[in-house]
Amino acid sequence: MSETRVRIAPSPSGNLHIGTARTALFNYLFAKKNNGKFILRIEDTDADRTSQEYIDNIFDSLKALGLNWDEGPDVGGPYGPYTQSERFDIYPKYVQKLLDSGFAYECFCTPEELEAEKEEATQAKKAYVYSKKCENLTNEEKEKLRAQGRKPAIRFNIAKAQKAFYPSSTLEFDDLVKGKLHMDTDLLGDFVIQKSNGAPTYNFAVVIDDALMKITHVIRGEDHISNTYKQILIFKALGFDVPEFGHLGMILAPDRSKLSKRHGATAVSDFVKEGYLTEALINFVALLGWSPSDGEEIKTVDQIAQDFRINEISSSNSIFEYDKLKWMNSHYIKQIPMDKLKEMLKPYLSKYNLGELSDAQYTKMIEITREPLVLLSDITDAVEYFFGQDVRIEPEAQTETLDTQIAQDVLKDFVSKAVDWDWTEENLHSKLEIFRGDWKEKGVKPKVTMWAIRAAITGRTRGADMIGVLEILGKEKTLYRAEKAIKKAAI
RNA sequence: GCCCCCAUCGUCUAGAGGCCUAGGACAACACCCUUUCACGGUGUAGACAGCGAUUCGAAUUCGCUUGGGGGUACCA
């Protein structure tokens, strides 16, 4: 059996989309599972929409997700080049072959003429299919058109290819994920394989590249199903082996429309910027359409590869629900070792003067604030009150807590007692316990006692472990903030 | 319009004729734990789109309807 070879072929007209990442993942998994090769090809035939920035983004994102390719533009390989724009000189040869064998013909129709044909079809409520009026142009007619300065596009002759290889006009293939798929190729229309400017169209270039790169399995989104029929016919007409195809359901936004920027991040790099971990992203996206046989959803790519069977992928679309991604992200954040997390969080702390804290204090701060993090970026807000002499008091903390008589009584008592406390974790722990106990005897719940202190010191009624907070802030700053809260109270 | 694909809790899914009074995960809700929030733990609620057919028996097979998605380019 020949080696399994799959590919991901993104078009660099934007940053790597999360949907493309999922397609890449399934290709990668398929390759891993079958001991094959995973190939990266950049499809940049449309020069206008392409940019180096996007190409770099695609490389970086794929790498960050752990989807390393065996052959590609940067690492090379036996069937390069792996960038389509560098392959332009190899396509004309195959176009000529098709022309010679009669599977393709020159088309001199102008955009206006084609537009008119389409208009007519729309009026008649019929499906538009190219009229084939250039199919049987004589040499004289062609010369005449050429003399007028018209440059022909090359069209593929669907009917001819269909007849040559299949008994009826129905083309059927066995899809790796969807099973039998079929289509009446009469409805396809003779499509352009080479533009009048000489550039190959997508459907043509893909076939040549996949054939020459010896791709054995084409796994891609189901938006390509109708292209598949066209491509199979080209493979056949050129005498190439037809690869196997597998079409994945699409990823939809929560409102069932296409996942776009207005729904939030869509590019892998955007997710990363927002504080998502690539481990969470790839794990989450794997669960869209695929499910583990042991029910354990948290898995690395390698673990998934062991368990992966392409025919078990769901053939329906799935909705990208951020909730579960977030849960998964928080799960992965919890697993990060302290030393590593301390560094990972720093980019999100640039607005603060980290110099205010010793390394021990910084470590302590992360230790007590990391638990509720869903996104790495959540640290920015979570840690605000550790910096500066004064603290921003949330309006609700002021009105609901600090402006109550109980809170003021508690705070006054706290200030008077804390002045004499020894400011160590152990001591603070026991002193506060006694403090809460005293107030409990006066009928004040421990929760309320702590709220008063927390609100004064952190400006909030929720947050990290209070003893840790006091320890990091130090006695001086703590008392300063507490006294200030007493003065500021509106009662 | 025409063609194609899809259809189990709100979401991701398990389920390949009897194991299903349909299982899990996220989200929701309740309770417990607790110095707050959170984490964690324990529970509760929640689905086979509809209609026909096949069968002793259907979430599982077939047909129709409905709904959703995709395609219909000298874009990829």
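Convention: sequence-line order gives letters A, B, ...; per-chain numbering from 1.
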Taking any heavy-atom pair under 4.0 Å as a contact, classify [X]: base, sugar-phosphate, or nothing.
X        : result
A/Asn197 : nothing
A/Ser291 : sugar-phosphate
A/His247 : nothing
A/Lys326 : nothing
A/Met183 : sugar-phosphate

- Item | Partner nucleotide of B/A7 by Watson-Crick or wobble geometry (both distances under 3.5 Å) | B/U66
In whole Å, what is the span from the [atom1] atom of [X] to the [atom2] atom of [N]?
X        : N     : atom1 : atom2 : answer
A/Tyr91  : B/C74 : OH    : P     : 19 Å
A/Trp327 : B/U13 : CH2   : C1'   : 13 Å
A/Tyr322 : B/C12 : OH    : P     : 14 Å

- Aromatic plane relationship, A/Phe59 with A/Trp69 - under 30° parallel, 30 to 60° tilted, over 60° perpendicular: tilted
- For B/U61 and B/C5, measure between their P atoms and round to the nearest Å. 16 Å
- Check whether the side chain of A/Lys324 and the base of B/A27 form a donor-acceptor pair under 3.5 Å. no
- Message: Is the phosphate of B/A76 approached by A/Thr45 (side-chain N or O, under 4.0 Å from OP1 or OP2)?
- Response: yes
- For residues A/Phe271 and A/Phe320, establish whether the separation of their ring centroids is below 6.0 Å. yes
- Task: For residues A/Tyr130 and A/Phe191, establish whether the separation of their ring centroids is below 6.0 Å.
- Result: no
